[in-house]
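Worksheet: one structure, shown below.
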Amino acid sequence: MRNKYSTFNQKRYERFVHTLEECGTFLINADDDTIERCIFENFDIDVRCFLCDSELEFFTDCFMIYEDIRIKCVELRNKAVEAFENDNLRSINAVRTSSEWREILKISDEIKSMIYY
């Protein structure tokens, strides 16, 4: 029988994975509503919460992710926060066309290919 802590930790990991699933190169061809919802409503908040240093350290310490994944997640979070704070990159069109967003989307895809679901 699972205890409440293991269930709680599993939910934390699921939120981490869900955050990564909100971002990826699939968005380049997505409709405007999907980009708006995934990036500007969900990912903007979730990347700061579920890819924060304390969460990533917890996942690393519990062997839920490896160090190379933690490093990539920090890179993803930092680049995303930088993009969200840049008025020129806060648009649906920028997500589709800018090199900054293209790199963010690719990093997210790379991390997803490295993790266990």
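Aromatic ring centroids of F84 and W101 lie under 6.0 Å apart.
If you take OG1 on T7 and CZ on R12, they are separated by 13.0 Å, rounding to the nearest 0.5 Å. From Y116, atom OH reaches atom CD1 of I69 across 7.5 Å, with rounding to the nearest 0.5 Å. To the nearest 0.5 angstrom, L27 atom CG is 11.5 Å from I104 atom CD1. Interatomic distance, D68 CG to E110 CD, rounded to the nearest 0.5 Å: 9.0 Å. Remark: E21 CD to F26 CZ distance equals 8.5 Å, nearest 0.5 Å.
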Quiz item: For T97 and R102, what are the C-alpha separation, side-chain angles and deciding distance, and is it a side-chain contact (heavy atoms from CB on, under 4.5 Å)?
Solution: CA-CA 7 Å; T97 62; R102 186 68 54 113; over 6 Å; no
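Salt-bridge formation is not detected for the pair E100/K79: no Lys NZ or Arg NE/NH1/NH2 atom is positioned less than 4.0 Å from an Asp or Glu carboxylate oxygen. Ion pairing between E75 and K72 holds under the 4.0 Å rule for side-chain N and carboxylate O. Residues E103 and K106 are not paired through a salt bridge, judged by the lack of any N-O separation under 4.0 Å between the basic side chain and the carboxylate.
You'll find the side chain of Y13 reaches within 4.5 Å of the side chain of I115, heavy atoms only. The side-chain heavy atoms of M64 and F58, taken from C-beta on, include a pair separated by under 4.5 Å. Proximity of R37 to D33: side-chain heavy atoms (C-beta onward) are nowhere separated by under 4.5 Å. Taking the side chain as every heavy atom from C-beta outward, E57 and D53 approach each other to under 4.5 Å. By the 4.5 Å heavy-atom criterion applied to side chains, I28 and T25 are counted as neighbours.
Between F16 and F59, the ring planes are tilted. Angles from 30° to 60° get that label.
Residues L51 and V81 are members of separate hydrophobic clusters, defined by side-chain heavy-atom contacts under 4.5 angstrom among Ile, Leu, Val, Met, Phe, Trp and Tyr. Linking Ile, Leu, Val, Met, Phe, Trp and Tyr whenever their side-chain heavy atoms come within less than 4.5 Å puts I111 and V74 in one cluster. Hydrophobic cluster membership is shared by I107 and M114, with clusters built from Ile, Leu, Val, Met, Phe, Trp and Tyr side chains linked at under 4.5 angstrom.
Side chain to side chain, T34 and D31 meet the donor-acceptor criterion of an N or O pair below 3.5 Å.
Not a single donor-acceptor pair under 3.5 Å links the side chain of D44 to the backbone N or O of I39. Using modelled atom types, one side-chain atom of S108 and one backbone atom of L20 make a donor-acceptor pair closer than 3.5 Å. Although no hydrogens or angles enter the test, the distance criterion places no donor-acceptor pair under 3.5 Å between the side chain of D46 and the main chain of T19. Between the side chain of R96 and the main chain of I92, no donor-acceptor pair closer than 3.5 Å is present.
Nearest heavy atom pair, residue L105 against residue C23, reads CD2-SG, 3.6 Å. Between C38 and E22 the shortest heavy-atom distance is CB-O, 3.3 Å. Nearest heavy atoms, L56 versus I65: O-CD1, 4.0 Å. The shortest heavy-atom contact between A94 and N88 is CB-O, 3.9 Å. Contact record, F50 with E55: O-CB, 3.9 Å, taken as the closest heavy-atom pair. Counting all heavy atoms, side chain and backbone alike, C52 lies closest to C49 at SG-O, 3.2 Å.
The neighbour count for E14 CD, taken as heavy atoms of other residues, nucleotides or ligands under 6.0 Å away, is above 12.
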